[in-house]
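The model shown is predicted, which means the values in this text are computed figures rather than measured ones.
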Amino acid sequence: QVQIVESGGGLVQPGGSVRLSCAASGIIFSVFTMEWYRQAPGKQRALVALITHRRTTNYADPVKGRFTISRDNAKNTVYLQMNSLKPEDTAVYYCNAVQYRDSGARLYDYWGQGTQVTVSS
């Protein structure tokens with residue numbers, strides 16, 4: 001049984017930092033691309049950052065230079081370090097484990113339940 005579990009969300013002041021964690025089980029973690037998405041109220045879910053099985057990373061423009069994604073394959077965990085937080089970063093953050101086909105299509109796709117991050121004074 002596959003489980004994707006996010007943790008680390010909460011209330012943080014503008015300019016502050018928080019680290020999200022996503023623990024995966026039931027998959028061969030090392031071959032999956034791990035992605036963080038977020039969904040703010042009234043908005044569509046959007047990709048924030050990803051890290052491939054080769055540790056290539058990519059970030060959405062709004063978070064470049066502020067967020068860092070990393071992975072620990074020994075712990076089957078991916079992290080999202082979020083610094084210099086802004087009120088517009090307020091959202092539910094979701095972890096997504098994806099294994100892609102060579103064609104780029106998604107072969108396996110597993111989602112966590114999300115963790116709320118609220119940036120407010």
Shared hydrophobic cluster for Val92 and Leu47 (ILVMFWY, side-chain gaps under 4.5 Å):
yes
Interatomic spacing from OG in Ser30 to CZ in Arg54 - rounded to 0.5 Å:
12.0 Å
Calculate, to the nearest 0.5 Å, the distance between atoms OG and NZ belonging to Ser84 and Lys86 respectively.
8.0 Å
Side-chain touch Arg38/Pro62, heavy atoms, less than 4.5 angstrom
yes
Checking the side chain of Arg55 only, and the main-chain atoms of Arg71 only, is there a donor and an acceptor separated by less than 3.5 Å?
yes
Side-chain H-bond candidate by donor/acceptor type, Asn96 with Arg106, under 3.5 Å:
yes
Pairwise distance CG(Asn76) to CD1(Ile27) - rounded to 0.5 angstrom:
7.0 Å
Between the main-chain N or O of Val119 and the side-chain N or O of Thr90, is there a donor-acceptor pair closer than 3.5 Å?
yes
Electrostatic pair Asp61-Lys64, nearest N-O below 4.0 angstrom:
yes
Take atom CD1 in Ile28; do more than 12 heavy atoms of anything else shown fall under 6.0 Å from it?
no
Rounded to the nearest 0.5 angstrom, the CG-CZ distance for Asp109 and Phe32 is 9.0 Å
Verify, without hydrogens or angle tests, whether Glu6 (side chain) and Thr115 (backbone) share a donor-acceptor contact under 3.5 angstrom.
no
Walk me through whether Phe67 and Asp89 qualify under side-chain contact (heavy atoms from CB on, under 4.5 Å).
CA-CA 11 Å; Phe67 290 10; Asp89 294 317; 3.9 Å; yes
Atom CD of residue position Glu88 - does it have more than 12 heavy atoms of other residues, nucleotides or ligands inside 6.0 Å?
yes
Identify the heavy atoms of Gln116 and Thr118 that sit nearest to each other, and give their distance.
NE2-OG1, 3.3 Å
Tyr110, Phe29: one ILVMFWY side-chain cluster at the under-4.5 Å cut-off?
yes
What pair of heavy atoms forms the shortest contact from Ala40 to Ala91, and how long is it?
N-CB, 3.8 Å
Do you see a donor-acceptor pair shorter than 3.5 Å between the side chains of Tyr37 and Glu35?
yes
Give a yes or no on whether Val2 and Tyr94 share a hydrophobic cluster (residues Ile, Leu, Val, Met, Phe, Trp, Tyr; joining criterion: side-chain heavy atoms under 4.5 Å apart).
no
From CA spacing to verdict: side-chain contact (heavy atoms from CB on, under 4.5 Å), Tyr93, Val48
CA-CA 9 Å; Tyr93 284 74; Val48 174; 4.3 Å; yes
More than 12 heavy atoms of other residues, nucleotides or ligands under 6.0 Å from CD of Gln113: yes or no?
no
Pair Trp36-Cys22, side-chain contact (heavy atoms from CB on, under 4.5 Å): steps then yes or no:
CA-CA 9 Å; Trp36 285 99; Cys22 169; 3.6 Å; yes
CZ of Arg101 to CD of Gln99, rounded to nearest 0.5 Å, is 9.5 Å
Verify side-chain contact (heavy atoms from CB on, under 4.5 Å) between Ser120 and Leu11, making sure each step is shown before the conclusion.
CA-CA 7 Å; Ser120 175; Leu11 176 65; 4.1 Å; yes
Over all heavy atoms of both residues, which pair between Ile69 and Tyr59 is shortest? Give the atoms and the distance, please.
N-OH, 2.9 Å
In terms of hydrophobic clustering (I, L, V, M, F, W, Y; side-chain heavy atoms under 4.5 Å; direct or indirect links), are Val117 and Tyr79 co-clustered?
no
Pro14 to Ser121 - nearest heavy-atom pair and separation
CD-N, 3.7 Å
Should Leu50 and Ile4 be regarded as members of a common hydrophobic cluster, given that ILVMFWY residues are connected when their side-chain heavy atoms come within less than 4.5 Å of each other, either directly or indirectly?
no
Can you give me the closest heavy-atom contact between Leu80 and Ala49, atom names plus distance?
CD1-CB, 4.2 Å
